[in-house]
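Count residues from 1 along the sequence.
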Amino acid sequence: MNGETGRWIGGVALILAPLAWFAGLLLRHLVLKDFTPEQVAWFDDQPFAAPGQLAAYAANPGLVTAAYSVFLLGAVLLLPAFLMLAKIVAEKAPALAGWGFLLLAFGLVARVYFAGVDLTAFELVDKLGPDQATKLVMDDYVDLSYGLWRIPVTASFGQYAGGLLLAIGAFRAGTFGTARALLFLWPCTLWMGVLKESEFLSVVTAVALGLALVPLGVRVLTGGRPVDRKPRALSW
């Protein structure tokens, strides 16, 4: 892959990834819209969001499938988007860029695992009905969420450390100013596991990610300098 091709792939990913991420979280936020307030209150009283999400799938499988699929697409597209950001930051802060991207990538891989469990749970609803499927999932929910040897749930924590390192690197390199560094960091604190509900605040964090990444993607595609400010004299 030559530099021009990589620039186009990275620039497009920086624009499309946060848009898909936002769309997925918004759709996931809406999956309970057809339930009564009493039903939603019952779902909220449960220790985990899974019963509500499985009930939503049983009631409207098309919407829930679209919501979870678009969210997964956003997670997949974030991988080249973060890679492009790390490549830009690496010119001034290579260690922060490298470690930040690696840890963020671990978190994205964990989301792919969670998506696989989500799909399995939805297939159980199709085959067994919502009541039996919910019982089966909830009986082993913790094990399903943590994964083999707890590798997926451990990898998920990479998003916190990776987001912090890459945000600091982007600030030190001058790629982001203070505001955009914080906008980038905020959505990296979003925890999403198996059959998790998307709250309104989750949707807002996706808007923040778009405000941080989309302008950078436009600058990359148009050949502009991908910086907000002069870099710090000392880089890591």
Arg150 side, atom CZ; Asp143 side, atom CG - distance, nearest 0.5 Å:
8.0 Å
Transitive ILVMFWY side-chain link Val194 to Leu128, under 4.5 Å
yes
Establish, yes or no, whether a centroid distance under 6.0 Å links the rings of Phe101 and Phe82.
no
To the closest 0.5 Å, what do you measure between OG1 (Thr222) and CZ (Arg7)?
8.0 Å
When clusters are formed by joining ILVMFWY residues with side-chain heavy atoms under 4.5 Å apart, either directly or through shared neighbours, do Leu195 and Leu30 land in the same one?
no
Could you walk me through whether Leu85 and Phe176 pass the side chain to side chain contact (heavy atoms under 4.5 Å, CB included) check?
CA-CA 10 Å; Leu85 174 59; Phe176 290 163; 4.0 Å; yes
Value rounded to 0.5 Å, distance of CD1 in Ile9 from CG in Leu83
10.0 Å
Which is it for Met192 and Phe71 under the side chain to side chain contact (heavy atoms under 4.5 Å, CB included) test, yes or no, and what are the steps along the way?
CA-CA 11 Å; Met192 293 294 292; Phe71 177 77; 3.9 Å; yes
Common cluster, Leu136/Leu54, ILVMFWY with side-chain heavy-atom separation under 4.5 Å
yes
Give a yes or no on whether Glu123 atom CD has more than 12 heavy-atom contacts from other residues, nucleotides or ligands under 6.0 Å away.
yes
Given 3.5 Å as the limit, does a donor-acceptor pair link the side chain of Gln159 with the main chain of Leu103, or not?
no
Point-to-point distance, once rounded to the nearest 0.5 Å, from OG of Ser202 to CG of Leu25
6.0 Å
I'd like to know whether Val153 forms a side chain to side chain contact (heavy atoms under 4.5 Å, CB included) with Ser145, so could you lay out the CA-CA distance, the side-chain angles of the two residues, the decisive distance to 0.1 Å, and finally the verdict.
CA-CA 7 Å; Val153 71; Ser145 298; over 6 Å; no
Joint hydrophobic cluster, Leu32 plus Met138, side-chain heavy atoms closer than 4.5 Å:
yes
Quick one: does any side-chain atom of Arg111 pair with a main-chain N or O of Ala75 as donor and acceptor, under 3.5 Å?
no
Separation between CG of Leu216 and CG of Leu221, rounded to the nearest 0.5 Å
9.5 Å
Centroid separation under 6.0 Å, is that true for the rings of Trp42 and Phe35?
no
Go through the steps for Trp8 and Glu4 under the test side-chain hydrogen bond (donor to acceptor under 3.5 Å, both in side chains), then give the verdict.
CA-CA 6 Å; Trp8 275 96; Glu4 187 67 15; 3.1 Å; yes
In terms of hydrophobic clusters joined by side-chain contacts under 4.5 Å, are Leu19 and Val12 together?
yes
Measuring centre to centre across the rings, with the benzene-like ring taken for any Trp, is Tyr57 within less than 6.0 Å of Tyr68?
no
Are Arg172 and Leu96 close enough, and set up right, to give a side chain to side chain contact (heavy atoms under 4.5 Å, CB included), and what steps lead you there?
CA-CA 9 Å; Arg172 295 182 67 86; Leu96 286 168; 3.8 Å; yes
Any donor-acceptor N/O pair, Thr65 side chain to Gly62 backbone, under 3.5 Å:
no
Side-chain (Thr189) to main-chain (Leu185) donor-acceptor, under 3.5 angstrom
no
Basic-acidic side-chain contact under 4.0 Å: Asp139, Lys135
yes
Do Gln53 and Arg28 have a side chain donor and acceptor closer than 3.5 Å?
no
Without hydrogens or angle criteria, can the side chains of Gln39 and Thr36 be said to hold a donor-acceptor pair below 3.5 Å?
yes
To the closest 0.5 Å, what do you measure between CD1 (Ile15) and CG (Leu213)?
10.0 Å
